[in-house]
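Small disclaimer: the values here were computed from a predicted structure and weren't measured. Both counts, for ligands and for their atoms, begin at 1 and track the order of listing.
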Amino acid sequence: MSQVVTRIAPSPTGYMHIGTARTALYNWLYARARGGKFLLRIEDTDRERSTPEATDAILRGMEWLGLDYDGDAISQFDRADRHAEVAHHLLAEGKAYKCFSTQDEIAAFREAAKAEKRSTLFQSPWRDASPDTHPDAPYVIRIKSPVEGETIIRDEVQGNVTIRNDQLDDMILLRSDGTPVYMLAVVVDDHDMGVTHVIRGDDHLNNAARQMMIYTAMEWPVPVYAHIPLIHGEDGKKLSKRHGATGVEEFQTMGYPAAAMRNYLARLGWSHGDDEFFTDAQALEWFDLSGINKSAARFDFKKLANLSGQHIAATDDAALLQELATFIGKTNTVDNFDAKKEKILEGMYCLKERAKTFGELLEKALFILSDRPLEVEEKAQKNLDSVSRSILSELTPHLQNAMWSRDALEEAANSFAEAKGTKFGKIAGPMRAALAGRTATPSVFDMMLILGREETVARLTDASQMEFG
Ligand code: GLU
C-alpha cells in the first residue's frame, strides 16, 4: 500500500477544543505507527474568526500535546485560487454548470415544491441549458449531482452508510463572487495534500457524501473515511463549557501532563481490551480504526485525574522536573522554582507519589519552596502547642546527632518516642508543622532527608520557639 497520509483540519475558533485534540491524536497515531505523514491544515476561510491568535492557540495545543506534524501548517484560505481552478475544470468538462437563478427564484421554487409536496431540494433550470441562453448576470457554479442510484460511504467506524442520490442537490462549488465553498476546499486540499485517510468527527459524516461527489467528478480516489463519534459530558449531552473545561490549554493549566492527556484522549472513544493506562509506544502499537467505538464517549474527569496520577508516578524524575518547569512557566504559580530546582529533583521520588496533577505535586513540594521563618497554617498551629514545642526542643539534639540516613533518623525518632512513653505517631504532627508549616506533607523522614541536617535542625528550633496567639 502507498504511504499513509492523515491530517487534522481545524477551523480556528479561538481555542483548541478537546475533541479536535482527540481527532488530531488519532490521526497522528495512525500515521506515525505506519511510517506515514501527519499534516496540519488550518481551515481559515472564515475571515472573521481566523485571526493569527486563533491559529496560535491551535499550534500551541498541538505542541503541548507533542503532536508533531510534517511540513508547515497549510492555510486553506491561501489556496482559494486552486479551489476555483477545480470548479472551472469541472465546468469545462460539463460536470458542473453556471446557474443564474436568483435567491428569489430559488425561494419560489421551494414554495411551489412544498405546496405540491415534492422534494424542496433545488433543481436549477440551468443544469442543461445551452450556453447561448446564458444571460450576462451573476452566476454560481454548481456541480451536476447524479440523478439516480446511491452513494455509499464506506466508513471504517460507521460501516457502510448509504445515501440516495436524489437526496443530494446540485451543490454550489463557487459563489457568485468567485469564492469557493467549504465543501470544495476540503476535497481539493485533501486531494492535493495526498491525504489517504480522513479521520474526523462524525458531525462531518453527511458532508462525506457530498464530498464524494466532487472526488467522483474529478476522478480522484476517495480516501478511507473514519468518522468518530463526538465527545459527550457525563450527562450524555455534547461536551460543552457546562461540563467543565473543554479547551486543551485549560487542561494544561490544570496541571495534567501531556502524556496523560494523550493516554486519556486515546482511550476516550477507542479501546484495546481492558487497557486503561498505557504509554505512547503502546498506543502507537495498538491503535487501529477497528478499535474506535461506535457510540459517543463520555468525558470522565475522575478517570483523567487517575491516569494523570499514574503518569506522574511513572515519569522519570528529570523529565518530570522539565515538565514542571513548563507548567510553572505557563501558570506563574511559583516564583522561586529555579532556586529550588535541585532540591525538588532530589525529592521528586516522593513528591510524585500520589500527586494527580502538577499542582498537587507542587503542593507537596511547599516545604521545599518555603523559606525560614516558615509561616504555619492555622490547622498546623494546633500541633505546636506548648507541650509539643517542648517535645520538639528535646527531640532536636537527638536528631542533630544522628547519622543522616532514613534508618538512623527513624531509629532516633522511635527511641525518643519510646523513652517518652509515647508513639512516634504522636510526634509526627508537630514535626510536620515544624518542617513544613502544614498538616499534609510527605513523610517527616522524606522531608528531613531532602532538607538536610542543618535546615531540619533550624526549622525544628524555630518551631520550638514559636508562639501563637
Ligand atoms: N474544519 C473542520 C472542523 O474543524 C474539519 C473538517 C474535516 O476534518 O474535514 O470541524
Side-chain angles (χ1 to χ4, degrees), residues 4-31 36-51 53-62 65 67 69 73-80 82-83 86 151 153-158 161 171 173 179-215 218 220-232 238-240 246-248 265 269 289 292 296:
V4 165
V5 180
T6 65
R7 49 57 161 189
I8 179 74
S11 313
T13 55
Y15 76 121
M16 187 176 192
H17 192 271
I18 202 71
T20 306
R22 183 186 61 158
T23 306
L25 174 68
Y26 286 9
N27 279 283
W28 180 85
L29 285 170
Y30 194 81
K37 279 193 180 153
F38 169 61
L39 309 176
L40 170 64
R41 178 173 75 236
I42 306 287
E43 306 219 304
D44 52 357
T45 49
D46 176 343
R47 298 319 287 163
E48 298 242 317
R49 303 190 100 181
S50 303
T51 58
E53 294 75 32
T55 299
D56 274 354
I58 294 166
L59 300 182
R60 278 200 306 275
M62 299 280 288
L65 286 168
L67 304 179
Y69 48 91
I74 291 162
S75 153
Q76 184 158 70
F77 179 73
D78 284 354
R79 295 179 34 82
R82 167 66 179 147
H83 306 147
V86 169
T151 296
I153 307 164
R154 298 183 198 285
D155 194 275
E156 294 293 315
V157 177
Q158 316 283 338
V161 181
M171 70 174 169
L173 299 176
T179 56
V181 300
Y182 167 71
M183 219 63 85
L184 174 66
V186 171
V187 172
V188 175
D189 289 347
D190 280 342
H191 171 265
D192 289 0
M193 288 159 69
V195 172
T196 57
H197 292 69
V198 170
I199 306 169
R200 64 185 175 192
D202 69 5
D203 47 338
H204 289 281
L205 182 62
N206 283 335
N207 291 344
R210 312 181 95 202
Q211 292 171 0
M212 280 172 72
M213 239 162 41
I214 305 176
Y215 281 105
M218 288 302 291
W220 286 341
V222 175
V224 174
Y225 283 117
H227 286 94
I228 53 183
L230 299 183
I231 302 174
H232 286 173
K238 193 174 155 180
L239 189 71
S240 72
T246 55
V248 170
L265 289 177
L289 302 180
I292 297 177

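- Using a 4.5 Å cut-off on side-chain heavy atoms (C-beta onward), Ile8 and Phe38 make contact.
- Of the candidates Thr23, Asn27, Asp190, Arg7 forms a side chain to side chain donor-acceptor pair (under 3.5 Å) with just one, namely Asp190.
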### Query
Leu39 and Thr6: side-chain contact (heavy atoms from CB on, under 4.5 Å), yes or no, with the steps?
CA-CA 6 Å; Leu39 309 176; Thr6 65; over 6 Å; no
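- Pocket lining of ligand 1, defined as residues with a non-hydrogen atom under 4.0 Å away: Arg7, Ala9, Pro10, Ser11, Glu43, Tyr182, Val186, Arg200, His204.
- Looking at residues two or more places apart in sequence or on another chain, you find a side-chain contact (heavy atoms from CB on, under 4.5 Å) between Tyr182 and Glu43, Gln76, Val186, His204, Asn207.
- Contact of the Thr20 side chain with the Ser11 side chain is not registered, since no non-hydrogen atoms from C-beta on lie closer than 4.5 Å.
- The aromatic rings of His197 and Tyr30 lie tilted to each other, with the angle between the two planes from 30° to 60°.
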